[in-house]
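To start, the structure under review is shown below, and the notes come after it.
Values in this document were obtained by computation on a predicted structure and should not be read as measured data. Just follow the structure's listing: the first ligand is 1, and inside any ligand the first atom is 1.
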Amino acid sequence: MGMVGPTSFWSSYTFWTGSSIAASILAVNTVPQYTIGQSIAKTATAIFFAQWLVYLIYAVLLYPRYFSPLRHLPTVKEGNHPIMGQWFAIAGEPSGEPMRRWLNTVPNDGLVRYFGMFNRERVLLTSPKALAEVLNTKNYEFQRPQFLLRGIMRILGVGLLLSEGDDHKYQRKGLTPAFAFRHIKELYPVFWSKSREMVKTIEEVELVQKKPNVEAEIGGWASRAALDIIGVGGMGQDFNSLADPNTELNKTYRSVFSPSRQAQILGLLQFFIPAWIVENLPIKRNGDIMAASKLARDTSFQLVRQKKEQMARKEQLHPDIISIALESGQFTDEKLVDNMMTFLAAGHETTASSLTWAAYMLSKHPEVQTRLRQEVHEHIPSLNNEINDTLIDGMPYLHAVCQEVLRFYSPVPVTLREAVINTSIQGHYVPKGSVIMLCPWAINRSEELWGPDAGEFNPDRWMKPGTANSGGATSNYAFLTFLHGPRGCIGQKFATAEMACLVAALVGKFEFEQTYPDEEIIIKGGITARPKNGMRLNLKVVEW
Ligand code: HEM
């Protein structure tokens, strides 16, 4: 049971170095004829690499096959490379896509094993019971892997997303009331006014300033609208990025929160090189991002100060999430700022992705688009009308379409956890350090959970009697888009209300179709799944 897992290898440079030097000193003094030129340095280097090679053979070839306690789990055979396992499928396909296949093709009772780079083991959860155990019952036994988070932590600080253990419990408890529906409902008018601004600006820029009916890239608009909404609704700061995406503040936020290719490479490097080295590489981005993140934090501190002054003057604060958390008195200024940064990171690209996919699905299914437009026009006679939560939530087809888009194209296709102690899932022993994969992209389209039409886009599954909240699935774990439990998305109600407003405004204002209907949509990897070349649509204004 106490088998040394290969993960410990990555943290054992010190041990290898120490033992190589000790062995080489011993060898040079006792059996110099067997050393390299009787040099301690050269011999130590040779021993270091020899040990490394032996360990590599053990960790990559022998451990997963003969020693790992996970070796009895059903294991993916497809495309198995002797050293890289299923890594080529994982790297070559959109994230979550191979897992979707394996979930349906490998017979299993809730856990499936596959291999990543250098045969590192991954455990994919496939059943509601296994998911419930990891996400709820044993939630604190499985954490987000630290090696992924260090880089982000420097930028965001330790807000809700990156906190663990008691710190997480405290922050989650303190922030939960701010995300309660009684507060979110006050934000519906904010979501609506930004949605209205989005479609009016699209009309002005794409159809008036440019010549009509040219292609409009909706992903960029979605991103700007989502940034503005999380700014106003999350912290009471209007970035005005719909009106002007090029202000200093907007450029700053975009550079911090939309990681460039170079950043992704740096992130990848951290798998191989200790994070502190990567962080200090004199690469432009390292400097840029720290400066930008400092500016973003300074701006956030300023906002907190303003809000406190307002409170001291007994003025009513804006109903944004951070103001409510501030009024609760449970957070220091620093923690409020950490959470502002966190909301920007967690609630910006995710929402932008959901609106982009909604536009895509509606353009592919014109009959759904027309039906939805009719419902929106019936309930909201004009774009200039004001709305409230009852009006938006009173449109069943709007709800159905949004849920189906979130099911079909979960903005976060895959996420992971690491066992922090030796534990078990569904009775299978899971040693400390095991990496557990949670894959909305796979679960959300599992035929076992959704029925034989799981792979079809069908909003009507949310329209049958009693299915508005389940989509007709057999378990609520079948819809994994926001995960579940104490580490599930705290912003779910915020996000779904925001999406409903954005989709209603888009479909109410425009008829649209894909500019290149035969284009194969390539999905960009990263934390959120989005079309690589954006979503190009032809728009036509409709009477509203
Ligand atoms: C469609 C939009 C969204 C989707 C699909 C989404 C999805 C998710 C998922 C899957 C997680 C869990 C990640 C993991 O454990 O690896 C998460 C966590 C989180 N989300 Fe969202 N999210 C969305 C919008 C938002 C918004 C708008 C906010 C803020 C206003 C937000 C705030 C958070 C926070 C703070 C966490 C961390 C929760 C914790 O660890 O306790 N999200 N989200």
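- When each atom of ligand 1 is checked for a heavy atom of P411 under 4.0 Å away, the hits are 5 (C).
- Of all atoms in ligand 1, listed by their number and element, those nearer than 4.0 Å to a heavy atom of R417 are 14 (C), 15 (O), 16 (O).
- Looking from atom 30 (C) of ligand 1 to the surrounding protein, the closest heavy atom is I230 CD1, 3.4 Å.
- Side-chain contact annotation: K138 with S424, donor-acceptor N/O pair under 3.5 Å present.
- Side chains of W441 and E97: a donor-acceptor N/O pair is present below 3.5 angstrom, by distance only.
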| task | Evaluate the criterion side-chain hydrogen bond (donor to acceptor under 3.5 Å, both in side chains) for residue pair W462 and E404; output intermediate values, then yes/no. | result | CA-CA 8 Å; W462 304 86; E404 186 66 351; 2.9 Å; yes

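- For atom 20 (N) of ligand 1, the closest heavy atom belonging to the protein is C489 SG, 3.2 Å.
- For atom 13 (C) of ligand 1, the closest heavy atom belonging to the protein is R144 NH2, 3.9 Å.
- Numbered from 1 in the order shown, with element, the atoms of ligand 1 that lie under 4.0 Å from a heavy atom of I490 read 34 (C), 35 (C).
- Of all the atoms in ligand 1, the ones that sit under 4.0 Å from a non-hydrogen atom of T481 are 5 (C), 7 (C), 10 (C).
- Taking the centre and axis of the six-membered ring of W357, the NZ or CZ atom of R530 falls outside the cone set by 45° and 6.0 Å.
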| Test log, rule side-chain hydrogen bond (donor to acceptor under 3.5 Å, both in side chains), inputs D460 and Y397 | CA-CA 8 Å; D460 275 320; Y397 199 57; 5.2 Å; no

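- No hydrogens or angles considered: nothing links the side chains of S470 and N476 as a donor-acceptor pair under 3.5 Å.
- Shortest contact from atom 32 (C) of ligand 1 to any protein heavy atom: A346 CB, 3.7 Å.
- Between T350 and ligand 1, no N or O atom pair is found at a separation short of 3.5 Å.
- The protein heavy-atom contact nearest to atom 4 (C) of ligand 1 is F482 CE2, 3.4 Å.
- Closest to atom 37 (C) of ligand 1, if we only count protein heavy atoms, is L161 CD1, 3.5 Å.
- I218 places none of its side-chain heavy atoms less than 4.5 Å from the side chain of L355.
- Nearest non-hydrogen protein atom to atom 12 (C) of ligand 1 is L483 CD1, 3.6 Å.
- Counting atoms of ligand 1 from 1 in the listed order, those under 4.0 Å from a heavy atom of P486 are 41 (O).
- Checked against the 6.0 Å centroid criterion, the rings of F494 and F343 do not qualify as a close aromatic pair.
- Contact atoms of ligand 1 toward T415: 14 (C), 16 (O) (distance under 4.0 Å to a heavy atom of the residue).
- H399 and A468 get closest at one heavy-atom pair: NE2-O, 2.8 Å.
- Taking a cut-off of under 4.0 Å to the non-hydrogen atoms of H168, the atoms of ligand 1 that pass are 39 (C), 40 (O), 41 (O).
- Per-residue contacts place R487 under 4.0 angstrom from the following atoms of ligand 1 (heavy atoms of the residue considered): 12 (C), 15 (O), 39 (C), 40 (O), 41 (O).
- Not a single heavy atom of S410 lies less than 4.0 angstrom from ligand 1.
- In terms of protein heavy-atom proximity, atom 38 (C) of ligand 1 is closest to R172 NH1, 3.5 Å.
- Contacts with ligand 1 closer than 4.0 Å are made by no heavy atom of L416, backbone or side chain.
- For an aromatic pair to be called close, the ring centres must be under 6.0 Å apart, and F115 with W87 fails this.
- The side-chain heavy atoms of I324 and P177, taken from C-beta on, include no pair separated by under 4.5 Å.
- Applying the 6.0 Å contact sphere to CD of Q426 captures more than 12 heavy atoms from other residues, nucleotides or ligands.
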